[in-house]
Amino acid sequence: MDSADQEPELPLAIQDLVQRLEGKGEPITRLPNFNRPEFLKFFPERASLSTITGWRSQVRLRVLEAIISCNTVEILDVHNICGGDVSRLMASEWDIVLRGFMYSTVLRKIIVEYHLGGSDAEVETLCLQLGRILNTSSITELKIWCCRLSARCWLNLASGLRGNCDYKLQSLDLFEAWNDSSAVKHVAEMINSAPQLETLRLGGYYQDMEDEAVGILSQALIHSSCLKELKLGCAVKWGPALLLKAFTGDEGNRSIERVRLRLMDRLGECLRELLISNPSLKEVELSHIQMRPREWHQLGEVIRDNAIATTILVKFDLEYHDWKSVEALARSVSSDVKDPTVELELDTKREDEVILSLDLLGSVLRGEIKSLKSLSILADDKKIITFSILPMNGKTGETLVYSGLKFLQLNFRSTGLSKVVWEELVRCMRGNHLTHLDLSESELDGEAFKDLMGVLQVNLALQEIDVSQTSWAMDGKAAQIQEALNQNQKRAVYMSIFRKANLAFGDAKAGRLFLCGSPRAGKTQLRKTLTRINQGKTSLFSKLEVLWRTKGIEVELLQNDDKMQISVWDLAGQWIFRTLQNVLFTQTNNFCVFLFLYNPFCEETCSNKPDSCFRTELEEWLSFITSSTKVTGRDLPQVFVVISHKDKARFSSLSWAQSIVKELTKRFANSVDLCPIPEYFHVDARKKKQVIPLYSHIFENFNKLLREKSPQVPELCSHLTSLLVTNTKKNKSCPLWTSKKFHSFCAPILTKFLPPSFAHSVDHSRIMDSIISYLNDVGSIIYIPSLDYIIVDPNWLTNTFLGELIALGQHFQAQEFESSDGRSSYTSKDGFVSESVFARLIEEFLGKQPHGHRGVNREELENILVNLDLCFKVEDTSQYFIPSFIPEHASKQEQRNQEGAHVESMYWENRGETSQFVGIRIQCQDGRTMSLTAAFFPRFQKSREVATKYVMKHIVQELISFCASPKGCPGVTLVLGVIQTFCVEMLIPSHLRGVILIEKLKSDFVRSINDKLEEMSLERSHLVEKEELFDYEQCWPPIQKHTFGISERARDLLWDSDVEAIVNEIRQNRV
Ligand SMILES: Nc1nc2c(ncn2[C@@H]2O[C@H](COP(=O)(O)OP(=O)(O)OP(=O)(O)O)[C@@H](O)[C@H]2O)c(=O)[nH]1
Ligand SMILES: [Mg+2]
């Protein structure tokens, strides 16, 4: 039996509370809720007060007295003391408790919330006491919510303030705080006596309030000279009148800066008046305001034309608001001359509402609606997509010219967004002025990556994409995105210069067709036949023409007219040119089209080659294309397969090739768009008639790509491309022009194309630079920025010069069975040649040039090689290192010839003279007087985490970025794995090492934790310990002669930050 007098021990909760109130232990800033079970024995409900006798009553008194002595309480919440019923404390007890707060210099806030039980007299007395605390203490905030106090209570609260000019109240939060309007005069008195009042919240009455009361309240607001913010909510009937009286007209309040209105209607006229006439108003917030679309339209016009406020936040809940209202506001506010002021928040519940909102977002991004400073789309009360105009603090420069000097940012935070919504979002981002995209912390997959790269193809304005804390940040995709952005940045700059000069734009016309395939496949033959078709020639001699093996890349313009300028880049089949081709390859984001040629006929055996040859050759070229071009999302490099020698190899159907193509299409789906082979792609490459359908197919394809996949370009540029080709063909002089020569060639054409009104006002040299950048991008010229040259004939560089040079430096066979001659003296096993050999090479090349080309000298050629990273000068030894001379790829060809034979992988011979190794030693300056003890080094040691961070930042990320850059291998994606600790420790050779991709290890780890959690919930017992949950182990397979297979904890293999992220993710998913 529980008897009041037989409980000698003070409960722990009370002991702790009393101690803290008395200043021992953690300071108490807010009194606990005495309604909680641990206190109920001493602070019971009114009906059980009679049980408080003897010991209990002493404890109760002890607690109350401790409150008096406490000087740390900052928040006094009446509800916490009496559980909403004033009678639960006797008058004398209230006296004790509240006495402690009078004259307090710590107390900040009083809260009276929810209905207060007790007699009128008790409540009124309480208010009188609170009034005194207000008067004597340092209170800055008073909140009275949902408790409808009587007029007398208000009189008592306010009475304490009379005659006190030192009253510090700054915030008054009143919601359903009085029961009839006779209390309003006391509320007004309180406002009047608070000279420092800054924030006032009023509301919670749907019924009318007498005019007189509204008048009194508005007078108080007018005179409240520090008032900065007014929140008015649910004040349906009297709110508009109060706003009009207090804040509009000449007499209105002039300190107010922010007005926040919520759940009100009939506001139309009042809002318009408020926005026009109050000069101090800076911000207006309208949440869930009901108005008809017509009224929203009128409001929008006022905001556009006359509003003084600079931020107007409007929140719509699409469950209750008509979409027409949203549109009416967004469209009517749009202005060409004024900065946008409206911030829109759209609360959605259903997918179709999100799609509607994205539609609006699209119009904003495209600049059709210029009214919104920001637009947030919410789902389940969380912002999932936010558009905003970024402040441009101090940032100036080139890039701002674009997008009318605005930074537009899109924040996207979502996990589990539906596919439909994501696709709509991607559509929104295409072809507009979006500059910043924040995808951090989102769930992003490979499909989304392709979509994003597709956006980058057509949206040149994007400058920054934040993918931190997503899987892309680690798996190399971030570096690829960065590289695409850098490329776009250059294009965006020149395109904006063209736009500023008001040049006429049209569909792009320049395209490149790349021919690839093994030696003797018939590439050059096909090129010649295509040209004949284009020129409508029927030359009898063409059949007799001897085709020499292609060196480097032969570039020829196939079509040059008003509609298209298509150049053919005919790549040499021999492997010795592959390094060169890789360096010269297309470095732009422009789309690429490849024709892969295959000769199924084997001359030596006079029979069909085995099908496996087709697979091997196609695979090799697809891998070259993948690694040398950019992954550009939806617009992957297109590859068509053409089978030549139809006259020789006879087979009734192409099904053998089709099935291989089908298989490889799947394998390369992420990096190339490999097309099925139509029957008419099987040809005798020499026969015009057979090639015509192929020719038409290619041209139709280009036509479509140029219209749909390329940004529009100035007509001036298309005209120049065509003119340059005609000029090079006619005039076979020096292919290397100085910028000055190039400028004077272009100047008359530029003048012709510039609109007369702009001819004098724009900077011609900047336009000229932009022209050079564009022509270089589409491959019509080759510009090497650090040299002052422009190569106007790409074929001269890729074929005449570099192709020839590599041929001289490698075992090039011009004819099938020609034996290598004296040239072999130039060949180099490891790519290094001496200065004299280099000089002889160049001399030999120059000697071969026709007279007209003598304009190029050795120094210029050397500069070109060095600047294209094709040649490196080794200073100390006067040697030249030319990577293209390394016969690495020759071995590949041999390998193919000796099918099945084991070919040793090529290794770099170590050179005695110029070692590639560097050794650095740090030592004490004077070994006799200085020494380091063994205790020094342990102090220096960095934690594993710090060391990995360093390596990640300075080596791994650098390497990944380099790989993604044009100088690296843009098509190759590098990913990270973690090596079995044993292998690192024991320096196990690389081919034996245990390795697992980090992403794979992470997902295995997550799966294991989830499985265990599932088990727990099924068994409804807690058999699995917390530690056990995270003890997933990676099992390494045995390594010959070293281990029999070891397991290691995933936690030890992963970085702490990764483990933490996994734990957090699981925790969040569980909540
Ligand atoms: N009978 C026949 N001969 C062809 C066909 N296509 C090409 N040839 C011949 O095969 C030889 C080699 O063709 P090319 O076009 O030079 O081969 P390629 O692919 O350019 O070779 P590389 O330049 O070394 O890469 C030439 O003599 C062509 O005339 C074809 O369809 N049928
Ligand atoms: Mg050729």
Side-chain angles (χ1 to χ4, degrees), residues 14 17-18 20-22 28-36 39-54 56-139 141-161 177 179 186 190:
I14 299 274
L17 175 66
V18 170
R20 288 176 65 195
L21 285 169
E22 287 173 350
I28 205 157
T29 55
R30 189 174 184 151
L31 293 178
N33 190 343
F34 288 134
N35 217 13
R36 289 213 308 252
F39 301 118
L40 269 184
K41 214 176 264 177
F42 309 93
F43 296 88
E45 292 195 15
R46 190 194 319 190
S48 314
L49 274 178
S50 57
T51 61
I52 306 298
T53 54
R56 288 194 185 178
S57 128
Q58 283 167 23
V59 172
R60 185 171 159 112
L61 191 63
R62 176 85 197 277
V63 174
L64 297 180
E65 281 176 348
I67 296 176
I68 310 186
S69 65
C70 176
N71 61 357
T72 54
V73 175
E74 294 174 8
I75 298 172
L76 172 59
D77 186 339
V78 171
H79 205 89
N80 275 1
I81 302 175
C82 66
D85 182 1
V86 182
S87 321
R88 279 167 85 162
L89 262 68
M90 286 176 291
S92 58
E93 290 178 319
W94 275 116
D95 256 357
I96 297 174
V97 176
L98 297 179
R99 207 184 318 144
F101 294 105
M102 293 230 221
Y103 300 99
S104 165
T105 52
V106 181
L107 196 64
R108 271 190 306 107
K109 184 171 184 175
I110 292 182
I111 303 173
V112 185
E113 216 169 6
Y114 311 123
H115 174 72
L116 282 181
S119 69
D120 287 353
E122 281 172 315
V123 179
E124 283 162 17
T125 310
L126 174 69
C127 289
L128 195 63
Q129 283 163 319
L130 292 178
R132 287 203 194 113
I133 297 176
L134 282 171
N135 190 7
T136 55
S137 68
S138 54
I139 295 269
E141 288 176 65
L142 174 61
K143 177 177 177 180
I144 302 183
W145 261 49
C146 305
C147 58
R148 295 180 176 262
L149 297 177
S150 67
R152 183 164 282 277
C153 285
W154 275 101
L155 172 71
N156 287 353
L157 274 172
S159 66
L161 307 174
N179 65 1
H186 305 299
M190 191 177 251

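Dense packing is recorded around CD of E74, with more than 12 heavy atoms of other residues, nucleotides or ligands lying under 6.0 Å away. The environment of R152 atom CZ is sparse: at most 12 non-hydrogen atoms of other residues, nucleotides or ligands sit within 6.0 angstrom.
Between Q129 and D95, the closest heavy-atom pair is NE2-OD1, 2.7 Å. Between L76 and L98, the shortest heavy-atom distance links the atoms CD2-CD2, 4.1 Å. Taking every heavy atom of both residues into account, L116 and V112 meet most closely at CD1-CG1, 3.8 Å. Closest heavy-atom contact between I96 and L64: CG2-O, 3.8 Å. In this structure, C82 and R88 approach most closely via the heavy-atom pair O-CD, 3.2 Å.
Side chain of S137 to backbone of S104: no donor-acceptor contact under 3.5 angstrom is found. In this structure, the side chain of W154 does not engage the main chain of M190 through any donor-acceptor pair within 3.5 Å. With hydrogens and angles ignored, the 3.5 Å screen pairs a side-chain donor or acceptor of N80 with a backbone N or O of L31. Between the side chain of N156 and the backbone N or O of E124, at least one donor-acceptor pair lies under 3.5 Å. At distances below 3.5 Å, not a single donor-acceptor pair connects side-chain atoms of W94 with backbone N or O atoms of E122. For H79 (side chain) and E113 (main-chain N/O), a donor-acceptor pair under 3.5 Å exists by modelled atom type.
Side-chain contact check for V63 versus F34: some heavy-atom pair is nearer than 4.5 Å. When side chains are defined from C-beta on, I14 counts as touching F42, because their heavy atoms get closer than 4.5 Å. The closest side-chain heavy-atom distance from L21 to E65 is not below 4.5 Å. For the pair F101 and I67, the minimum side-chain heavy-atom distance is below 4.5 Å. The closest side-chain heavy-atom distance from L149 to L157 is below 4.5 Å. Using a 4.5 Å cut-off on side-chain heavy atoms (C-beta onward), V97 and I68 make no contact. No side-chain heavy atom of I144 sits under 4.5 Å from any side-chain heavy atom of I110. Between R56 and K41, the closest side-chain pair of non-hydrogen atoms falls below 4.5 Å.
Shown are I139, T29, I75; of these, the side-chain contact (heavy atoms from CB on, under 4.5 Å) with R108 is made only by I75.
One distance of note links CZ of R60 with CZ of F43; it measures 5.5 Å at 0.5 Å rounding.
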